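Owing to the predicted nature of the structure, the values given are computational and were not obtained by experimental measurement.
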Amino acid sequence: MTNPHEAGERSTDTRRHRLGRLLTGRGGADVRFGVRLVTGAALTALASVPFSLALVLMESRWAPLLRLDQEVAERLHRSALGSPARVRVLEFLTHVAWGPLTMRLLVAVVVVWLLRRRAFRLAAWAAVTATAGGLTGLLVKHVVERARPHLPDPVAQASGFSFPSGHAMTATTSCAVLLLVLLPLVPRAWRPVPWVLAVVAVVGVGYTRVALGVHWVSDVVGGWFLGLAVVTATALAFEAWRGDIGRSRTTPAEGLEPEVATDTPEPADRPGSR
């Protein structure tokens, strides 16, 4: 007769063995896929937490948030009313320099370049991320239906709903795409430069939207967080593909696919991979 204590020990050893194989990646293709799937879902959910929190606070009309929105909007509006030249600069930055059309054109140019480099999957990732960001933001706007600020003597007008800011979200997703694709081409000593430029563009366009009185602060923050969540989800999907073909994991500092700087940015399909 089997000793219950010995049976319990064997069961514990079995679970430890399985867990060890799971964590070390020696459990076969199905186990590795399961680990990537769970990890990807967890990280995507984690990236969505800040946006979800901002949405809940905004929908519940949390008094400190509403007070912050109102005070910042009124203060920046008073500054804009006293300086028409400043308003013209803000409009140039928000519509031209950092505008959605400019950002999408930059991503489109990068996608074409990737296709010419035959980096088809990276090109697909860039295009899907930019498109998914735009569609997700539009969907959330129509679900939330938040009204834009109504200020006396407005210096600018904008149509549509307010939350999240489409300019802020487009800048976030587009700059993330440009960074993750192009960083491998930048010498390591110079890599802080594109990061700084991206942060300036993302933060700057958010400031212009609030300063022009067409968005609340919480709209802009929601756009940033939602954009980051979209990029996180698609980047994790791309990382899963890299794992499937035997390429190592990367970090944001390296770019999404460091091999794009080489002559073979994308390996040929292996037999039976389709």
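- The backbone N or O of Ala73 sits nowhere less than 3.5 Å from a side-chain atom of Trp216 that would complete a donor-acceptor pair.
- Val202 and Val200 sit in two unconnected hydrophobic clusters of ILVMFWY residues. Membership requires side-chain heavy atoms under 4.5 Å apart, directly or through other members.
- Side-chain polar atoms of Ser174 and Arg104 form no donor-acceptor pair below 3.5 angstrom.
- Closest non-hydrogen pair, Val205 versus Thr208, comes out as O-OG1, 2.7 Å.
- The OG atom of Ser162 sits 12.5 Å away from the CD atom of Glu145 when rounded to the nearest 0.5 Å.
- The backbone N or O of Gly99 lies less than 3.5 Å from no partner atom in the side chain of His167, so there is not a single donor-acceptor pair.
- Under a hydrophobic clustering in which Ile, Leu, Val, Met, Phe, Trp and Tyr are joined whenever their side-chain heavy atoms come within less than 4.5 Å, directly or via other members, Val177 and Met103 fall into different clusters.
- With rounding to the nearest 0.5 Å, the separation of CH2 in Trp195 from CG in Leu183 is 6.5 Å.
- Of the inter-residue distances, the one linking Leu66 atom CG with Glu71 atom CD reads 11.0 Å to the nearest 0.5 angstrom.
- Residues Val230 and Met169 are in side-chain contact: their nearest non-hydrogen atoms beyond the backbone lie under 4.5 Å apart.
- Glu254 CD to Leu180 CG: the interatomic distance, rounded to the nearest 0.5 Å, is 11.0 Å.
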Criterion side chain to side chain contact (heavy atoms under 4.5 Å, CB included) on Val87 and Leu212, from CA distance to verdict: CA-CA 7 Å; Val87 172; Leu212 289 170; 4.1 Å; yes
Side chain to side chain contact (heavy atoms under 4.5 Å, CB included) between Phe161 and Val144, worked out: CA-CA 8 Å; Phe161 298 114; Val144 176; over 6 Å; no
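- The shortest side-chain heavy-atom distance between Phe225 and Thr172 does not fall under the 4.5 Å cut-off.
- The closest donor-acceptor contact from the side chain of Thr102 to the backbone of Trp98 lies at 3.5 Å or more, if one exists at all.
- When all heavy atoms of Gly137 and Pro164 are compared, the pair lying nearest together is O-CD, 4.0 Å.
- Within the 3.5 Å criterion, the main-chain N or O of Ala80 finds no donor-acceptor partner in the side chain of Ser83.
- Both Val260 and Leu115 are part of a single hydrophobic cluster, where members link through side-chain heavy atoms under 4.5 Å apart.
- Taking CG from Asp219 and CZ from Arg209, the interatomic distance works out to 10.0 Å, rounded to the nearest 0.5 Å.
- Closest approach of Asp153 and His77 over heavy atoms only: O-CE1, 3.1 Å.
- To the nearest 0.5 Å, atom CG of residue Leu122 and atom CH2 of residue Trp241 are 8.0 Å apart.
- A side-chain contact (heavy atoms from CB on, under 4.5 Å) with Thr170 is found for exactly one of Pro100, Ser165, Cys175, namely Pro100.
- For Arg118, the CZ atom sits in a loose shell: 12 or fewer heavy atoms of surrounding residues, nucleotides or ligands are nearer than 6.0 Å.
- Between the Arg146 side chain and the Lys141 main chain, no donor and acceptor come within less than 3.5 Å of each other.
- Side chains of Thr250 and Glu257: no donor on one and acceptor on the other come within 3.5 Å.
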From CA spacing to verdict: side chain to side chain contact (heavy atoms under 4.5 Å, CB included), Phe238, Thr129: CA-CA 11 Å; Phe238 192 87; Thr129 301; over 6 Å; no
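- Leu256 is not connected to Leu179 by any chain of hydrophobic side-chain contacts under 4.5 Å among Ile, Leu, Val, Met, Phe, Trp and Tyr, and they are in different clusters.
- Minimum interatomic distance between Val111 and Ala127 (heavy atoms only, all atoms of both residues): CG2-N, 4.0 Å.
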Trace of the side chain to side chain contact (heavy atoms under 4.5 Å, CB included) decision for Tyr207 with Leu93: CA-CA 10 Å; Tyr207 173 80; Leu93 292 174; over 6 Å; no
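- At a threshold of 4.5 Å between side-chain heavy atoms, the hydrophobic network of Ile, Leu, Val, Met, Phe, Trp and Tyr places Phe120 and Val107 in one connected group.
- Gln157 CD: 12 or fewer foreign heavy atoms inside a 6.0 Å radius.
- Of all non-hydrogen atoms in Asp69 and Val217, the two that sit nearest each other are OD1-N, 3.2 Å.
- Summarising the geometry of Ala156 relative to Glu91, their closest heavy-atom pair is CB-OE2, 4.3 Å, with the distance given to 0.1 Å.
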